Q: 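Shown below is the structure under consideration.
Fair warning: this is a prediction, and the values are worked out from it, not measured in the lab. Residue numbers start from 1 in every chain, and the chains themselves are labelled A, B, ... in the order their sequence lines are given, proteins ahead of strands.
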Amino acid sequence: MVSKLVYNFTPFNSLIGGCIIGASIVIYFYTTGRLAGISGILANSVINKVNRSSNFFFLLGLVIGPLIYLFFTKSLGVIKITDSLMLIILGGFLVGLGTRMSGGCTSGHGICGISRISFRSFIATITFILAGIITVFILQQFGVHL
Amino acid sequence: MKDNIASLICGIIFGIGLIISGMTNPEKVLGFLSVTHNWDASLILVMFGAIFITAPMFYLLSKKSTSLLDSKITLPKIKHIDKKLLLGSVLFGIGWGLVGLCPGPAISSIALFEPITIIFIISMVLGILFNRYI
């Protein structure tokens with residue numbers, strides 16, 4: 001049973017990576033005075049003229065960061081993603097729509113909001129994690145996800 | 001200008017955190033959401049690590065009214081739980097479970113040169129735009 005609980009589990013990398021993400025959020029807040037919620041930064045870079053260039057630069061950094069890491073570790077990175085266009089298009093659309101309706105995603109509600117002890121963000125986080133778990137469970141029943 | 005540089009640097013740090021934690025790989029995210037089969041708890045530790053840093057620092061910085069670059073500190077003012085929060089979170093959760101990507105890792109995954117993630121990002125932007133018409 002233990003081996004099942006630790007399937008693919010990478011506790012050290014996850015904790016270190018999480019702390020680095022936390023450091024980024026703190027520096028961003030300290031310097032710009034804004035919260036680093038990625039869905040908000042993405043949405044504002046598309047629909048809002050205010051801070052458009054800095055939002056764009058943040059998104060650019062999100063791509064450059066992993067490139068720097070891969071360059072120095074001389075690796076290609078691992079990505080295992082569905083090849084179903086229907087899942088990709090529907091999933092992307094729902095992630096964009098849902099995060100804008102609720103005003104945040106994993107970073108905005110899940111990290112920034114919970115850190116600010118926002119009850120609203122806590123409820124949002126529990127809700128999207130539960131919805132994700134139920135979705136994966138249903139897809140597994142149909143053999144879509146392993 | 002300084003705002004752009006700060007944003008770029010923070011984006012780079014955030015992206016490095018995402019790839020080290022493995023969150024740019026949808027398999028890790030779906031593993032976390034798969035609680036009944038081969039559960040991978042990694043994601044919760046990513047959030048724990050991040051909150052471990054941000055929570056005390058936000059508390060220490062909470063008395064400031066302007067940031068280092070002299071801009072006004074803007075924090076969300078809405079406090080109540082409403083239908084939009086719940087419905088939006090449900091829709092986001094479903095989309096997250098369908099593919100295993102949320103906005104940050106979706107953008108960072110461009111660095112992994114997997115063309116299908118571009119279609120995900122375009123769909124995400126369409127979802128963002130659609131929200132303005134409902």
Side-chain angles (χ1 to χ4, degrees), chain A residues 7-8 10-11 14-15 17-22 24-28 31 33 38-39 42-43 53-54 57-59 61-67 69 77-81 87-89 91-102 105-107 111 115 123-124 127-128 131-133 135-136, chain B residues 3-4 6-8 10-17 19-21 25-27 31 33-34 38 40 42 45-46 49-51 53-55 57-58 67-69 71 73 84-85 88-99 102-104 107-108 110-112 114 119-120 123-124 127-128 131:
Chain A
Y7 185 82
N8 264 349
T10 49
S14 299
L15 265 178
C19 289
I20 294 171
I21 291 168
S24 159
I25 293 172
V26 170
I27 299 168
Y28 187 71
T31 52
I38 310 296
S39 66
L42 174 66
S53 64
S54 63
F57 274 105
F58 192 101
L59 298 176
L62 279 182
V63 182
I64 296 176
L67 287 175
Y69 177 81
V78 192
I79 181 163
K80 219 174 148 191
I81 187 167
L87 281 185
I88 291 282
I89 292 170
F93 186 82
L94 290 176
V95 167
L97 173 64
T99 52
R100 280 309 80 203
M101 274 181 86
S102 71
C105 57
T106 339
S107 52
I111 301 171
S115 295
I123 295 295
T127 307
F128 66 67
I133 287 173
T135 305
V136 167
Chain B
D3 203 83
N4 289 343
S7 299
L8 179 68
C10 290
I12 290 173
I13 300 171
F14 201 112
I16 291 173
I19 193 147
I20 289 181
S21 63
N25 184 6
E27 191 188 23
L33 296 175
S34 170
N38 287 344
D40 176 1
S42 305
L45 286 182
V46 181
I51 293 168
I53 302 289
T54 47
M57 290 308 290
F58 277 173
S67 72
L68 186 70
L69 298 176
S71 43
I73 288 180
K84 274 185 90 175
L85 180 85
S89 298
V90 167
L91 295 180
F92 166 42
I94 294 172
W96 199 34
L98 288 178
V99 181
C102 52
I107 304 289
S108 283
I110 293 174
L112 299 170
E114 170 60 62
I119 300 169
F120 185 88
S123 312
M124 203 163 61
I128 289 168
N131 179 52

Q: Out of curiosity, A:L59 CG to A:I64 CD1, how far, rounded to the nearest 0.5 Å?
A: 11.0 Å
Q: For the interface with chain A, which of B:S21, B:S123, B:G97 has the highest count of heavy-atom pairs at distances below 4.5 Å?
A: B:S123
Q: Would you find a donor on one side and an acceptor on the other, under 3.5 Å apart, between the side chain of B:S67 and the backbone of A:T31?
A: yes
Q: In terms of heavy-atom pairs under 4.5 Å, which option from B:G31, B:G95, B:G15, B:S89 contacts chain A the most?
A: B:S89
Q: Taking every non-hydrogen pair under 4.5 Å, which of B:L69, B:I110, B:D3, B:L112 racks up the most with chain A?
A: B:D3
Q: Closer than 3.5 angstrom, by distance alone: can the side chain of A:N8 be matched with the main-chain N or O of B:D40 as a donor-acceptor pair?
A: no
Q: For A:S107, is it the side chain, the backbone, both or neither that has a heavy atom under 4.5 Å from a heavy atom of chain B?
A: side chain
Q: For the CG atom of A:L42 and the CZ atom of A:R100, what is their distance to the nearest 0.5 Å?
A: 8.5 Å
Q: Which residue out of A:S39, A:P11, A:P66 racks up the most heavy-atom pairs below 4.5 Å with chain B?
A: A:P66
Q: Quick one: closest heavy-atom pair of B:P103 and A:T99, and the distance?
A: CG-CG2, 4.2 Å
Q: Quick one: does B:N4's side chain have a donor or acceptor within less than 3.5 Å of a partner on A:S54's backbone?
A: yes
Q: Could you check which of B:I94, B:I119, B:V90 has the highest count of heavy-atom pairs closer than 4.5 Å to chain A?
A: B:I94
Q: What is the distance from atom CD1 of B:I53 to atom OG of A:S24, rounded to the nearest 0.5 Å?
A: 11.5 Å
Q: Please report the closest heavy-atom contact between B:I128 and A:A43, naming both atoms and the distance.
A: CG2-CB, 3.7 Å
Q: What part of B:F14 is in contact with chain A, defined as an atom under 4.5 angstrom from a non-hydrogen atom: side chain, backbone, both or neither?
A: both
Q: Indicate yes or no: at least one non-hydrogen side-chain atom of A:V63 is less than 4.5 angstrom from one of B:S108.
A: no
Q: Tell me which of these, B:I16, B:I107, B:V99, B:L85, has more heavy-atom pairs under 4.5 Å with chain A than the rest.
A: B:L85
Q: Under a 4.5 Å heavy-atom cutoff, which of A:G98, A:A124, A:S115 has the most pairs with chain B?
A: A:S115
Q: Can you tell which of A:G17, A:C105, A:G92, A:G22 has the highest number of heavy-atom pairs within less than 4.5 Å of chain B?
A: A:G92
Q: With a 4.5 Å cut-off on heavy-atom pairs, point out which of A:I20, A:I79, A:T127 contacts chain B the most.
A: A:I79
Q: Do you know which of B:F120, B:F92, B:W96 has the most heavy-atom pairs with chain A at a distance under 4.5 angstrom?
A: B:F92
Q: For A:S102, is it the side chain, the backbone, both or neither that has a heavy atom under 4.5 Å from a heavy atom of chain B?
A: both
